[in-house]
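The structure under discussion appears below in the form of structure tokens.
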Amino acid sequence: MRRRAAVMAGPGPGSVPLVRFAVPGECVAVLPAGGGDTPLGGRGVGVLLRRGNLFGHLTVGQNVVLAGRLAARRAPEKAPENATDLLALTGLAGRGDAYPATLSALEVARAGVAVVLAGSPEVVFADEPAGELDRLAALELMDLLCTVARRGTAVVVATRDPDIAAAAHRIVRVA
């Protein structure tokens, strides 16, 4: 099982600083904001944004398939999971034909997780993934991210919410 980590920052303008695993599953390092060498788009890395990483003109299923195909081009040795299986894992079975505009905020977040997982990442970085959700939906999303971690993908969540951070194995506080 991979470990989950949360990075917490105090109130203030701007986004929580990006983080990266120094040793996947064991050690968390904090990159200062604007610090050059970021993990975004790197091989084996998935980035979950607050709004779900979805193209509005594609169905949820098409978004997941596209993400898997693009990831396969970068790393052909990593076979992406089936979109139907990813939608079922994320609680969206039967919603593959829906367009993002027709989904609830929690469904958009779940679809974003499916899109990220389509790339078969070793690490998922989630930047305030529950920022658009109410308290109950935020906790449901964190349960999903914990399930992702139990399946073997390391998960790092950047958040200002102590209840969200409480789901992590380790919390790194950024002043």
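Bear in mind the structure is a predicted one, so any value in this text is a computation, not a measurement.
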Honestly curious: do Val65 and Val113 fall in one hydrophobic cluster under the side-chain, below-4.5 Å linking rule?
-> no
Going through the checks in order, is the side-chain contact (heavy atoms from CB on, under 4.5 Å) test met by Val64 and Leu87?
-> CA-CA 8 Å; Val64 174; Leu87 292 174; 4.1 Å; yes
Drop me the distance from Asp163's CG to Leu139's CG, to the nearest 0.5 angstrom.
-> 6.5 Å
Please identify each residue that fulfils side-chain contact (heavy atoms from CB on, under 4.5 Å) with Ala98, with sequence neighbours left out.
-> Arg95, Thr102, Leu103
Does Leu58 have any side-chain contact (heavy atoms from CB on, under 4.5 Å) partners at least two apart in sequence or in another chain, and if so, which?
-> Phe55, Gln62, Asn63, Leu66
Partners of Tyr99 by side-chain contact (heavy atoms from CB on, under 4.5 Å), sequence neighbours excluded?
-> Thr59
Please report the closest heavy-atom contact between Val108 and Pro100, naming both atoms and the distance.
-> CG2-O, 3.9 Å
Please test Val115 against Leu86 for side-chain contact (heavy atoms from CB on, under 4.5 Å), starting from the C-alpha separation and ending with a verdict.
-> CA-CA 8 Å; Val115 166; Leu86 289 172; over 6 Å; no
Is the closest side-chain heavy-atom distance between Arg135 and Asp161 below 4.5 Å?
-> yes
Leu92 reachable from Leu54 in the ILVMFWY side-chain graph, under 4.5 Å edges | yes
Hits for salt bridge (charged side-chain N to carboxylate O under 4.0 Å, His left out) against Asp143, two or more places apart or cross-chain, chain-then-number order -> none
Could you check if a side-chain atom of Leu89 sits within less than 4.5 angstrom of a side-chain atom of Thr147, using non-hydrogen atoms only?
-> yes
What are the two closest heavy atoms between Pro129 and Ala158, and how far apart are they?
-> CD-O, 4.0 Å
Side chain to side chain, Pro121 and Val45, heavy atoms closer than 4.5 Å = no
Where do Val124 and Leu48 come nearest, in terms of heavy atoms and distance?
-> CG1-CB, 4.4 Å
Rounding to 0.5 Å, atoms CD1 (Ile164) and CE (Met142) come to a distance of 5.5 Å
Check: Glu122 side chain, Ala154 main-chain N or O, donor-acceptor pair, under 3.5 Å = no
Could you grab the distance from atom OG of Ser104 to atom CD of Glu132, nearest 0.5 Å is fine?
-> 12.5 Å
Results of side-chain contact (heavy atoms from CB on, under 4.5 Å) for Ala137 - residues two or more places apart only | Leu106, Leu133, Asp134
Could you check if a side-chain atom of Thr90 sits within less than 4.5 angstrom of a side-chain atom of Leu144, using non-hydrogen atoms only?
-> yes
